[in-house]
Amino acid sequence: MSHWLFKTEPGCFSWQDLENAPGRTTSWDGVRNYQARNFMRAMRVGDLGFFYHSGQQPAIVGIVEVVRAAYPDATALDPENRHFDPKATPEKPIWEMVDVRLRRALPQPLSRKDLAAWPELAGMELMKRGSRLSVQPVEAGAFAFICGLAGIERP
DNA sequence: GCCAACGTTGGC
DNA sequence: GCCAACGTTGGC
């Protein structure tokens, strides 16, 4: 099993939104970065990921589970959608998305500041300066370490 | 609001 | 294929 991190602006889509979503499940649509797309292509059903809020209070707030592997992102084909991509076609959708389901909230959000205090996490993509990837891999060791910090025994 | 980092675009 | 200009992200 692989581990991931899903980054989102809470003003755009938040953990609360996920809690309110039907089936507590959402499509991770709108990703328009090839590297992030390729990471989603590598995801398998059952993979776990952190749910990260960027913005004013950057923090890991919960854990989600991949419940559907990558499939074409329909928002790229919709001219009304803010993520519309004129280069995408039904034959060549270019962009893909996965579905994720809420697994559990962290007992307390783990702020970026908290995370930065641990040298063990210095190598994480998330902690690198200028890291902008909205979907990124997390090493199994780092995933377990962070679960430990959060006081979670079973993610 | 600032600015560093990075991806994308387009002229050549 | 190079690279400058530009736009966006996101922490602070």
Side-chain angles (χ1 to χ4, degrees), chain A residues 2-21 26-43 47-66 69-100 102-103 105-139 141-152 155:
Chain A
S2 302
H3 301 84
W4 311 95
L5 182 139
F6 297 87
K7 179 162 41 181
T8 176
E9 268 280 348
C12 181
F13 187 85
S14 68
W15 182 256
Q16 188 65 49
D17 293 330
L18 182 59
E19 285 188 335
N20 295 334
T26 190
S27 300
W28 209 259
D29 62 16
V31 174
R32 298 292 177 266
N33 172 286
Y34 286 103
Q35 221 181 331
R37 181 204 64 184
N38 292 343
F39 286 134
M40 289 199 289
R41 283 182 173 171
M43 291 179 189
D47 282 358
L48 299 180
F50 290 128
F51 192 102
Y52 178 84
H53 279 167
S54 62
Q56 294 186 359
Q57 294 176 298
I60 295 174
V61 294
I63 296 174
V64 294
E65 178 179 355
V66 176
Y71 61 107
D73 182 345
T75 65
L77 301 173
D78 175 7
E80 302 299 311
N81 194 283
R82 64 185 286 259
H83 297 296
F84 174 64
D85 181 352
K87 293 194 291 296
T89 66
E91 294 73 31
K92 277 203 156 193
I94 306 180
W95 304 112
E96 298 183 29
M97 58 190 177
V98 296
D99 288 358
V100 298
L102 187 152
R103 177 112 165 184
L106 299 199
Q108 299 285 339
L110 265 178
S111 73
R112 180 181 185 83
K113 213 175 136 199
D114 294 338
L115 297 169
W118 298 94
E120 289 89 337
L121 301 176
M124 265 187 94
E125 176 66 28
L126 179 70
M127 303 315 292
K128 291 180 189 162
R129 233 160 70 103
S131 163
R132 297 189 305 164
L133 267 181
S134 60
V135 174
Q136 49 184 265
V138 175
E139 285 178 21
F143 194 89
F145 185 82
I146 290 170
C147 286
L149 291 182
I152 288 174

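The structure displayed is predicted, hence computed values, not measured ones. Each chain gets a letter, A, B and so on, in the order its sequence line appears, and its residues count up from 1.
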> Side chain of A/R112 only, heavy atoms from C-beta on: which candidate in C/dG11, B/dG7, B/dT8 is closest?
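Nearest to the side-chain atoms of A/R112, counting from C-beta on, is C/dG11.
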> Round to a whole Å and report the spacing from CE of A/M127 to P of C/dG11.
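Spelled out: CE on A/M127 to P on C/dG11 is 9 Å.
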> Side-chain N or O of A/K87 versus OP1/OP2 of B/dT9: is the shortest distance under 4.0 Å?
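A/K87 to B/dT9 OP1/OP2: side-chain N or O found under 4.0 Å.
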> Report the distance from atom CG of A/N33 to atom C1' of B/dA5, rounded to the nearest whole Å.
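Spelled out: CG on A/N33 to C1' on B/dA5 is 13 Å.
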> So, does A/Y52 get its side chain near the phosphate of C/dT9, meaning an N or O under 4.0 Å from OP1 or OP2?
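False: A/Y52 side-chain N/O out of range (4.0 Å or more) of C/dT9 OP1/OP2.
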> Rounded to the Å, how far apart are A/E9 CD and C/dT9 P?
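Distance check: A/E9 CD to C/dT9 P gives 9 Å.
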> Show the numbers, then the answer: is there a side chain to side chain donor-acceptor pair (under 3.5 Å) between A/T75 and A/R32?
CA-CA 11 Å; A/T75 65; A/R32 298 292 177 266; 2.9 Å; yes
> Send over the distance from A/D114 CG to C/dG11 P, rounded to a whole Å.
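Taking atom P of C/dG11 as the reference, CG of A/D114 is at 14 Å.
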> Classify the angle between the aromatic ring planes of A/F145 and A/W118 as parallel (below 30°), tilted (30 to 60°) or perpendicular (above 60°).
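Aromatic pair A/F145/A/W118 classed perpendicular.
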> Whole-Å distance between C/dG7 P and A/H83 NE2?
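Computing the A/H83:NE2 to C/dG7:P distance gives 19 Å.
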> Counting only side-chain nitrogens and oxygens, does A/R129 get under 4.0 Å of the OP1 or OP2 atom of B/dA5?
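The answer is yes; a side-chain N or O of A/R129 sits under 4.0 Å from OP1 or OP2.
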> First locate atom OG1 of A/T26, then atom CD of A/E19, and finally report the distance between them rounded to the nearest 0.5 Å.
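Here the interatomic distance stands at 13.0 Å.
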> Using 30° and 60° as the class boundaries, would you call the ring planes of A/F51 and A/W15 parallel, tilted or perpendicular?
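A/F51 vs A/W15 ring planes: perpendicular.
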> Measure from CZ on A/R82 to C1' on C/dT9 and round the result to the nearest Å.
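In whole Å, C/dT9 C1' and A/R82 CZ are 12 Å from each other.
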> How long is the line joining CZ of A/R132 and C1' of C/dG7, in whole Å?
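Rounded to whole Å, this separation is 9 Å.
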> Using whole Å, what does the distance between atom P of nucleotide C/dT8 and atom CG of A/L133 come to?
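In whole Å, C/dT8 P and A/L133 CG are 18 Å from each other.
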